[in-house]
Amino acid sequence: MPVARLSSRALIAVTGPEARPFLHNLLTQDVETLSEGELRFGALLSPPGRLLFDLFILGQAEGVLLDVAADRRDALIQRLSMYKLRARVQVAADDRPVFAAWPDAPTGFIPDPRTPLMGGRLYGPATADATEADYDAHRLSVGVPDPAADAPQDKTYPIEADFDLLNGIDFHKGCFVGQETTSRMKRRGSIKNRMLVLDFDGPPPPFGAEVLKGELRAGEVLSGRDGSAMALLRIDRLDGELTVEGRPVRLRRPAWMGQDVLPSSTD
């Protein structure tokens with residue numbers, strides 16, 4: 001079973017007697033019911049409801065450990081420090097490494113909360129026998145977006161990045177930053193775009209390349225590698241032939257996505 005160190009991820013320790021209620025009121029995920037050793041997936045949004053930081057939340061006896069994009073860790077520490085005001089909370093970088101194993105979660109690894117197909121994660125020393133590029137290839141094969149790579153900060157709604165389908169939003173927990181917009185989109189079914197994988201022959205198109213259905217714009221390409229890429233697509237323009245820069249591309253429905261999410265003609 002492959003194990004890779006994820007150098008693109010870093011950790012933040014949030015500790016103190018008010019750590020859980022503090023994060024519970026900010027994040028899309030329920031933190032107050034998080035058990036010690038349990039891992040959940042969530043995000044911190046902007047007040048208008050767009051993605052700022054994707055994160056994994058690990059319950060610990062003394063608080064919570066956040067698994068975040070390494071290049072956004074300092075910015076998240078700064079934002080959490082701004083929010084905490086007089087709360088009895090400490091926010092600090094944690095230098096333990098982040099590892100992932102797939103396709104299952106071996107002993108010592110915590111199951112990935114998004115889908116069992118993503119394996120598990122471990123925080124602390126481990127031995128790697130694969131690369132982060134290998135892990136990224138597996139992620140694309142499963143069809144799971146990487147918000148840090150696919151969602152420019154404060155541009156994408158979490159539902160567009162499939163957070164609602166990957167256990168990243170608790171719609172029953174009450175208020176969180178950006179909750180009003182997020183809940184309204186889900187409640188009214190006003191979801192026009194989704195991140196989905198496109199398969200093709202050869203190297204990936206550039207980030208932002210236009211996806212066309214005939215002459216109509218159907219979306220844009222996000223991060224990718226040879227043979228496949230994530231794309232943000234209009235779900236009402238997925239039937240029929242799709243092209244990017246004149247090349248045919250093939251839509252792939254991930255196994256974890258419910259049958260009622262996309263029009264039946266795209267199956």
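Keep in mind that this is a model prediction, so the values were computed, not measured.
Side-chain N or O atoms of Asp146 include one that pairs as donor or acceptor with a backbone N or O of Ala148 at under 3.5 Å. The main-chain N or O of Leu117 is found under 3.5 Å from a side-chain atom of His138 such that the two form a donor-acceptor pair. No side-chain donor-acceptor contact under 3.5 Å links Arg234 to the backbone of Arg217. The backbone N or O of Gln153 sits nowhere less than 3.5 Å from a side-chain atom of Arg50 that would complete a donor-acceptor pair. Side chain of Glu18 to main chain of Arg88: a donor-acceptor pair is present (N/O by atom type, distance under 3.5 Å, no hydrogens or angles). Between the Trp256 side chain and the Val142 main chain, a donor and an acceptor come within less than 3.5 Å of each other. Judged by distance alone, with hydrogens and angles left aside, the side-chain atoms of Asn193 form no donor-acceptor pair with the main-chain N or O of Glu160 at under 3.5 Å. Formation of a donor-acceptor pair under 3.5 Å by the Arg237 side chain with backbone atoms of Gly219 is not found in this model.
More than 12 heavy atoms of other residues, nucleotides or ligands shown are found within 6.0 angstrom of CD on Glu38. By the 6.0 Å contact criterion, CD on Glu32 is enclosed, its count of non-hydrogen atoms from other residues, nucleotides or ligands being greater than 12.
The minimum heavy-atom distance linking Pro106 with Met1 is given by the pair CD-SD, 3.5 Å. Residues Val221 and Ala229 approach most closely at CG1-CB, 4.0 Å, considering heavy atoms.
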Criterion side chain to side chain contact (heavy atoms under 4.5 Å, CB included) on Asp170 and Thr28, from CA distance to verdict: CA-CA 6 Å; Asp170 187 326; Thr28 61; over 6 Å; no

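Both the sub-6.0 Å distance and the 45° axial angle are satisfied by Arg121 relative to the ring of Phe56.
Using the six-membered ring where Trp is involved, Phe163 and Phe41 have ring planes that are parallel, under 30° apart on the 30 and 60° scheme.
Ionic pairing of Asp239 and Lys213 is present here: one or more N-O contacts between side-chain nitrogen and carboxylate oxygen are shorter than 4.0 angstrom. Salt bridge annotation for Arg9-Asp54: present, with a cationic side-chain nitrogen under 4.0 angstrom from a carboxylate oxygen. Taking a cutoff of 4.0 Å between a charged side-chain nitrogen and a carboxylate oxygen, Arg194 and Asp164 qualify as a salt bridge.
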